[in-house]
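Predicted model only: the values in this text are computed from it and were never measured.
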Amino acid sequence: MMTFDWSQFGIVTGASLAGVVILLAITAAIGFSIGRHNVVDVTWGLGFVVIAAITAVLGNGDLWRRLLVLVLIGAWGLRLASSMFRRSRGKGEDPRYEKLLDDAGGNRALTAITKIYATQGPALWFVSLPLQVSSVAHGTLWYLAVIGVVVWIVGVTFETVGDLQMDRFKADSSNKGTVMDKGLWRYTRHPNYFGDACVWWGTFLVCMTFWPTVVTFLSPIAMTYFLVFATGARLLERHMEQRPGYKEYQQRTSYFIPLPPKKS
């Protein structure tokens, strides 16, 4: 039988939002102190880990699901945060944030707070709604959970392998100025973003308990939109299009979903 505790959901979602606000406030303080705001990219993965921990502790729904979600999101979020930390360590500001601050004009500090940090909170809260809702729900749909774990594994594999392949490519000085089109990058121009989308669709399936979890399908849709059109692949494409050979790469390689490359 499916049951849902609305009062406990209020506690869980309120605590999740508070945890995110505190984490982002700490991140903003660090960003201003070191003079670069790309530290928020590290916090993105950590924010979901914080929410997963809160839902596991404060939720009163099925214990197995709360623990499984904590393991899945914990493994994904910590890997992503550590990867972003390694990539940004010792480097300057991310060009995306620099352009955002330059284009906005006026008070750069206020722009950073409102356009970089404040926007992360609602996004973290909304995308994590399946975690929050399922943590106070009872009712096992084990077959969807199994499918969800499989999709999650596919996603994490694409993210991890894609990042490793790109890191090795960049570490080879002979590749400077060229386009990465080997490994998973031969089948999709954004294997890491595709993997990220799979992680959240898989997590949604793990969290599914019919009503009201089913209505949180908007969360993985929103995450996929961010990855494909808003802050992910689309912005990166605009930056990469200026690189020699990238337009040819675009013509033969799938934009998002992995597909065999087109013959030239």
(request) Specify the closest pair of heavy atoms between Leu131 and Val69, including all atoms of both residues, with the distance to one decimal. (result) CG-CG1, 3.5 Å

(request) Classify the ring geometry between Phe32 and Tyr117 as parallel (under 30°), tilted (30 to 60°) or perpendicular (over 60°). (result) tilted

(request) Could you check whether the rings of Trp6 and Phe4 sit parallel, tilted or perpendicular, using 30° and 60° as the cut-offs? (result) perpendicular

(message) Quick one: does any side-chain atom of Ser83 pair with a main-chain N or O of Arg79 as donor and acceptor, under 3.5 Å?
(response) no

(request) Using the rule that two of Ile, Leu, Val, Met, Phe, Trp, Tyr join whenever any of their side-chain heavy atoms come within less than 4.5 Å, decide whether Ile73 and Val150 are in one cluster. (result) no

(message) Strictly distance-based, threshold 3.5 Å: is any side-chain N or O of Thr13 a donor or acceptor partner for the main-chain N or O of Phe9?
(response) no

(message) Could you walk me through whether Arg234 and Tyr255 satisfy the side-chain contact (heavy atoms from CB on, under 4.5 Å) test, starting with their C-alpha distance in whole Å, then the side-chain angles of each, then the deciding distance to 0.1 Å, before giving a yes or no?
(response) CA-CA 10 Å; Arg234 187 67 68 196; Tyr255 174 60; 3.7 Å; yes

(message) Using side-chain heavy atoms (C-beta onward) and a distance below 4.5 Å, is Leu78 in contact with Leu46?
(response) yes

(request) Take atom CZ of Phe126 as the centre, draw a 6.0 Å sphere, and report whether it contains more than 12 heavy atoms from other residues, nucleotides or ligands. (result) yes

(request) Spell out, as yes or no, whether a donor-acceptor pair under 3.5 Å connects the side chain of Thr188 to the backbone of Phe256. (result) yes

(message) I want to check something: taking the side chain as every heavy atom from C-beta on, are Cys198 and Trp152 in contact at a cut-off of under 4.5 Å?
(response) no

(request) For residues Ile221 and Trp201, determine if any side-chain heavy atom of one lies less than 4.5 Å from a side-chain heavy atom of the other. (result) yes

(request) For Arg65 and Gly139, indicate whether the former's side chain and the latter's backbone hold a donor-acceptor pair under 3.5 Å. (result) yes

(request) Could you check if a side-chain atom of Met180 sits within less than 4.5 angstrom of a side-chain atom of Asn175, using non-hydrogen atoms only? (result) no

(request) Examine distances only and state if a side-chain atom of Glu93 and a backbone atom of His37 form a donor-acceptor pair shorter than 3.5 Å. (result) yes

(message) I'd like to know whether CZ of Arg108 has more than 12 heavy-atom contacts from other residues, nucleotides or ligands below 6.0 angstrom.
(response) yes

(request) Check for a donor-acceptor pair, side chain of Thr119 on one end and backbone N or O of Ile116 on the other, with a separation under 3.5 Å. (result) yes

(message) For Asp181, is there an ion pair with Arg189 - N to carboxylate O distance below 4.0 angstrom?
(response) no

(request) Could you give me the CA-CA distance, side-chain angles and deciding distance for Asn192 and His190, then say whether side-chain contact (heavy atoms from CB on, under 4.5 Å) is met? (result) CA-CA 5 Å; Asn192 47 349; His190 305 283; 4.2 Å; yes

(request) Mark yes or no for whether Asn38, through its side chain, and Gly92, through its backbone, hold a donor-acceptor pair below 3.5 Å. (result) yes

(request) Kindly indicate whether the side chain of Met240, heavy atoms from C-beta on, has any atom under 4.5 Å from the side chain of Gln250. (result) no

(message) Using the rule that Ile, Leu, Val, Met, Phe, Trp and Tyr join whenever any side-chain heavy atoms are under 4.5 Å apart, tell me whether Tyr97 and Ile34 fall into a single cluster.
(response) yes

(request) For Leu236, look at atom CG and say whether over 12 heavy atoms of other residues, nucleotides or ligands are found less than 6.0 Å away. (result) yes

(message) When you compare the side chains of Thr55 and Ser135, does any donor N or O come within less than 3.5 Å of an acceptor on the partner?
(response) no

(request) Would you kindly confirm whether Ile257 and Tyr249 end up in one hydrophobic cluster when ILVMFWY residues are joined by side chain heavy atoms under 4.5 Å apart? (result) yes

(request) May I ask you to decide if Ser219's main-chain N or O and Thr216's side chain share a donor-acceptor pair within less than 3.5 Å? (result) no

(message) If I compare all heavy atoms of Leu227 with all of Tyr193, which pair ends up nearest, and what's the gap?
(response) CD1-O, 3.5 Å

(request) Could you tell me the separation between the CH2 atom of Trp44 and the CG atom of Leu24, rounded to the nearest 0.5 Å? (result) 9.5 Å

(message) Quick check: is Leu70 connected to Val199 through a chain of hydrophobic side chains (ILVMFWY, heavy atoms under 4.5 Å apart)?
(response) no

(message) Rounded to the nearest 0.5 Å, what separates atom OG in Ser134 from atom CG in Leu68?
(response) 9.5 Å

(message) Could you check, using the six-membered ring where one of them is a Trp, whether Trp200 and Phe48 have ring centers closer than 6.0 angstrom?
(response) yes

(request) Output the distance between atom CG (Leu144) and atom OG1 (Thr209), rounded to the nearest 0.5 Å. (result) 10.0 Å

(message) Quick one, Phe194 and Leu184 - any side-chain contact, counting heavy atoms below 4.5 Å?
(response) no

(message) Has Asp172 got a side-chain atom pairing as donor or acceptor with Ser174's backbone, closer than 3.5 angstrom?
(response) yes

(message) If you define the side chain from C-beta out and look only at heavy atoms, does anything of Val179 sit under 4.5 Å from Trp185?
(response) no

(request) Taking Ser128 for its side chain and Trp125 for its backbone only, find out whether a donor-acceptor pair lies under 3.5 Å. (result) yes

(request) Give the cluster check for Ile22 versus Val42: same hydrophobic cluster or not, with ILVMFWY residues linked at side-chain heavy-atom distances below 4.5 Å. (result) yes

(request) Starting at CD1 of Ile30, measure out to CZ of Arg36 and round the result to the nearest 0.5 Å. (result) 10.5 Å

(message) Contact between Trp76 and Leu72 at the side-chain level, heavy atoms closer than 4.5 Å - yes or no?
(response) no

(message) Rounded at 0.5 Å granularity, tell me how far OG1 in Thr43 sits from CE in Met84.
(response) 10.5 Å

(message) Working to the nearest 0.5 angstrom, can you tell me the gap between Thr253 OG1 and Glu248 CD?
(response) 11.0 Å

(request) Output, in order, the C-alpha distance, side-chain angles, deciding distance and verdict of salt bridge (Lys or Arg N to Asp or Glu O under 4.0 Å) for Asp41 and Arg87. (result) CA-CA 10 Å; Asp41 293 336; Arg87 291 185 176 191; over 6 Å; no

(message) If you compare all heavy atoms of Asn107 against all heavy atoms of Leu110, which two are closest, and at what distance to 0.1 Å?
(response) OD1-N, 3.0 Å

